[in-house]
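This one's a predicted model, so the numbers in the text were calculated from it and none came from an experiment.
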Amino acid sequence: MTACPRADRNAAAIAFGLLTAATVTGAALYQLGRPVHASSPPLFAHWLPHAGPGTPAAVGVAVLVWRYGPDLAARWPWRTVLAASYMAALAWTLSLALVDGWQRGVAGRLTTEHEYLHEVPGITDIPATLAGFTARILDFQPDSWTTHVSAHPPGALLVFVWLDRAGLGGGGWAAMLCLLVAGLVGVAVPHTVRLLATDGAGRAVAPFAVLFPGAVWSGVSADGLFAGATAAGVALLAHGVVRGRAACSMAGGVLLTFGCYLSYGLVLVAPIVVVVLILAGGRRRAAGWAVVGAFPVVAAFTAAGFHWPTGYHLVIERYYQGIATDRPYAYWVWANLAVLAAAAGPAAAVVVRRAFVAGWRAFVAGWRAGRPSRWDATAAVWLLPIAATTAIVAADLSGYSKAEVERIWLPFGVWLMAGAALIPAPDRRRWLAVQAMVALTVNHLLLTVW
């Protein structure tokens, strides 16, 4: 096996160095009496080396995907690849969660006083809840929403209310819903790449979408659900505009718009959506159906009394009523990127480096030709990671995501894996192994919270 190119190793080393610097700096600030308010800076977790019932399964899934994933993804029919990717992603995420045990790692995750399920029993009138939702966002009042409910639009709470009313109440069912939807990332990302780029590119992405280190935080958190739902929305939109399927475009519009009512930050999926529309070329007309799908979602929430801009401005005020006031921006503006290095893994650093190099070369080629370069069939593999990076940088600079971005940025981080085809084929299995080892190491040394 040949050595990885030095530039790739350097990119991964820089990511690791950034994580190390953030860890050392966070510890030093704590000793100086200026804590950054993260339990194991820069990660929001507790130091607790441990193993659990999910350990053998997690190791087994990692070994199987590493050993057989790339070859099977290259040979099997595409629908079989997608089905296998979904099942493997679900198994990977669930087994990582079970490292912490069923109650602590799965069933109890969404039942704490800060989580959505804490508020579900009090929702007896959904229309009244939506109409009065913004009035309960600010803290320090008797009926303030819990932390997570106040920090998000009402769509996230409604998902768990609907689940409860379907007879599937409690932490176990809520956790399984998050896991099942989070697993869609293993299908949506490679399928989008295949639609917009080439068959080979989509097949190269599949194992990386499965063994994404961020699965540590997808299982179990509502942010994993957000990531899966928006990724599915992007994939449906791509399928609709590329294949001319109005129904898929509409469904994509519904999911992406509903995503904005799951989390305010999901408006930053916009750069990824723009890339899909750009690469669709002359088939952009089908994207109009996405607007048709988006309209009833906005209309329904607005008619029910929830005004998205009002909620957003109140959430910013609530944000600074809490711990965010004490978290130093000067630290987190770069430490957030160190957190991303852990959550997305070293392969993400390699992909980002290669994506920007490819993008620069395309720009130079167009400049020398005296006209904008036309996107070729491989453009998606570097445009999608650049779009995801753009979203991440915007979120970082905003100052509204100081810490905990290992969860919050999952909907963007998964799209960095869209560039896995940029990694030379002989090196992919090596980076796949590194990705798996990062996830296993983090999950067995730290007890993640939220």
Side-chain angles (χ1 to χ4, degrees), residues 11-30 34-48 93 96 148 151 182 185 211-224 226-227 263 265-266 268 319 322-324 326-353 385 388-417 434-435 437-450:
I14 290 170
F16 179 76
L18 186 64
L19 181 60
T20 302
T23 302
V24 172
T25 303
L29 288 171
Y30 178 81
R34 300 176 61 188
V36 297
H37 299 282
S39 308
S40 296
L43 295 173
F44 199 68
H46 301 297
W47 175 259
L48 183 66
T93 308
L96 287 172
H148 278 279
V185 165
L211 292 186
F212 183 61
V216 170
W217 294 275
S218 290
V220 174
S221 76
D223 296 274
F226 302 163
S263 173
L266 290 180
L268 290 176
Y319 185 65
I323 199 172
D326 300 318
R327 283 176 169 162
Y329 180 84
Y331 172 78
W332 286 110
V333 74
W334 62 273
N336 279 344
L337 301 179
V339 174
L340 179 68
V350 176
V351 166
V352 170
R353 184 197 76 80
T389 302
T390 301
I392 288 166
V393 170
D396 190 32
L397 294 178
S398 74
Y400 300 142
S401 299
K402 291 185 290 186
E404 304 172 53
V405 297
E406 55 265 48
R407 295 180 301 102
I408 299 169
W409 289 354
L410 282 172
F412 316 127
V414 296
W415 289 100
L416 296 176
M417 296 299 99
V434 173
Q435 294 287 90
M437 286 190 289
V438 166
L440 291 169
T441 300
V442 168
N443 214 41
H444 285 84
L445 292 182
L446 299 172
L447 177 64
T448 57
V449 292
W450 287 123

Distance-only donor-acceptor pairs under 3.5 Å for side chains of residues 39-46, two or more places apart:
from  : atom 1 : to    : atom 2 : distance (Å)
Ser40 : OG     : Ala45 : O      : 2.8
Ser40 : OG     : Trp47 : N      : 3.4

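- To the nearest 0.5 Å, the span separating CG on Leu268 from OG on Ser401 amounts to 8.5 Å.
- Summarising the geometry of Ile408 relative to Pro411, their closest heavy-atom pair is O-CD, 3.3 Å, with the distance given to 0.1 Å.
- The shortest heavy-atom contact between Pro328 and Lys402 is C-CD, 4.5 Å.
- Shortest non-hydrogen contact noted between Gln435 and Ala344 is NE2-O, 2.9 Å.
- Of the inter-residue distances, the one linking Trp217 atom CH2 with Leu410 atom CG reads 8.5 Å to the nearest 0.5 angstrom.
- Counting only residues at least two apart or in different chains, side-chain hydrogen bond (donor to acceptor under 3.5 Å, both in side chains) contacts with residues 330-343 comprise Asn336-Asp396.
- Annotation: the span from Leu211 atom CG to Met437 atom CE amounts to 11.5 Å, rounded to 0.5 Å.
- Side-chain contact check for Leu446 versus Thr441: every heavy-atom pair is 4.5 Å or farther apart.
- Looking only at distances, no side-chain donor or acceptor of Arg353 sits under 3.5 Å from a matching main-chain atom of Ala11.
- Contact between Ala347 and Met417 at its shortest, heavy atoms only, is C-CE, 4.5 Å.
- Counting heavy-atom neighbours within 6.0 Å of Tyr319 OH, excluding the residue itself, gives a total above 12.
- Separation of atoms OG1 (Thr448) and CG (Leu48) is listed at 10.5 Å; rounding is to 0.5 Å.
- For the residue pair Ala439 and Pro213, the shortest heavy atom distance occurs at CB-CA, 3.8 Å.
- The two residues Ile323 and His37 make their nearest non-hydrogen contact at CD1-CB, 3.5 Å.
- The distance from atom CG of Asp223 to atom CD of Glu404, rounded to the nearest 0.5 Å, is 9.5 Å.
- Proximity of a side-chain donor or acceptor of Thr25 to a complementary backbone N or O of Ala22 within less than 3.5 Å is not detected.
- In this structure, the separation between CG on Leu19 and CG on Leu340 is 10.5 Å, given to the nearest 0.5 Å.
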Legend entry - Test log, rule side-chain contact (heavy atoms from CB on, under 4.5 Å), inputs Val352 and Leu416: CA-CA 7 Å; Val352 170; Leu416 296 176; 3.9 Å; yes
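- For Val393, the side chain to side chain contact (heavy atoms under 4.5 Å, CB included) partners are Thr389, Leu397, not counting sequence neighbours.
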Inset, instruction - Verify side-chain contact (heavy atoms from CB on, under 4.5 Å) between Val405 and Leu337, making sure each step is shown before the conclusion. - result: CA-CA 9 Å; Val405 297; Leu337 301 179; over 6 Å; no
